[in-house]
Amino acid sequence: MSVGRDMPPEEAFSALLADIRSGLTFMADCGCTGFDSAAPAQAPGIRETLETIRSDLGDCRRCGLSRTRNRIVFGAGSPGARLVFVGEGPGYEEDRSGVPFVGRAGQLLDRIIAAMKLTREAVYICNIVKCRPPNNRNPLPEEIESCIPFLERQIAALAPAVICTLGAVATRALLGTDAPISRLRGRFHDYRGTPVMPTYHPAFLLRHPEKKRETWGDIQKIMGLMEKNSLLTSQGKMV
Ligand code: URA
Ligand code: URA
């Protein structure tokens, strides 16, 4: 039986359950053994908001970084951003302010964003882990594992046209690879249907300014893609 328009509610509900059961049985017969429930299932066109994700994160104690952090650094920028930058994790300044990329590396990222004729407010900036690792060490695999579902949900909520990962840690975590950044950068990869351009981390560029030229090449590829998709005006502003 299928759900009919004029059925009494109880009957319609039973029919709906029967339809769901037969759909699931069919999928099981086809070899489906389960569903990914890591992120809440999203009906097409119904996206959760960044506010919902932030409130689910709450006063997070999911990993050991919560013991030493001062502030959770969730992310900043426009919920309508077409371009998302993903860094590694908060540093000293970010941990104190709760805002991503505000220290020296952040000032270099600001200059990169300005060179694209964009602003911080027009893009979205966030990190793989939301709490500062002590002494700025790399986040541990288990810290990444407990935090990355929130980044995945942020990206799904933003549905950007392009993602730029900053540095090896962010790139490897998002793309699920352990290749060196020097091999990954400079070309588009795929993250769940969204193009990802890895480039060097601005903190690395501060120590290796000679790599800025390659980074600018990567950034120009992002701009080229956005222009092709008419996401930038001729002045570079985001539309
Ligand atoms: N470095 C990062 O990777 N992220 C920040 O937010 C700041 C510095
Ligand atoms: N190693 C990193 O972690 N990031 C870079 O950008 C370069 C080397």
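Atoms within a ligand are numbered from 1 in the order they appear, just like the ligands themselves. Numbering starts at 1 and runs along the sequence shown.
The shortest separation from a heavy atom of Asn127 to ligand 1 is under 4.0 Å, placing the residue in contact.
Here the shortest heavy-atom distance to atom 1 (N) of ligand 1, taken over Glu88, His201, Glu93, belongs to His201.
Polar contact check, Phe101 against ligand 1: a nitrogen or oxygen pair lies under 3.5 Å apart. Considering backbone and side-chain atoms alike, Gly87 places every N or O at 3.5 Å or more from each N or O of ligand 1.
Classification of Glu152 and Arg192 as a salt-bridged pair holds, one side-chain N sitting under 4.0 Å from a carboxylate O.
Taking CD of Gln107 as the reference point, atom CG of Leu206 lies at 9.0 Å (rounded to 0.5 Å).
A donor-acceptor pair is defined here as one N or O able to donate and one able to accept, closer than 3.5 Å; no such pair exists between the side chain of Thr194 and the backbone of Asp190.
Short contacts between ligand 1 and Pro100, defined as distances under 4.0 Å to a heavy atom of the residue, involve ligand atoms 6 (O).
Looking from atom 5 (C) of ligand 1 to the surrounding protein, the closest heavy atom is Gly89 O, 3.4 Å.
Within the structure, salt bridge (charged side-chain N to carboxylate O under 4.0 Å, His left out) contacts touching residues 122-139 (residues at least two apart or in different chains) are Arg137-Glu143.
Of all non-hydrogen atoms in Asn127 and Leu151, the two that sit nearest each other are O-CD1, 4.1 Å.
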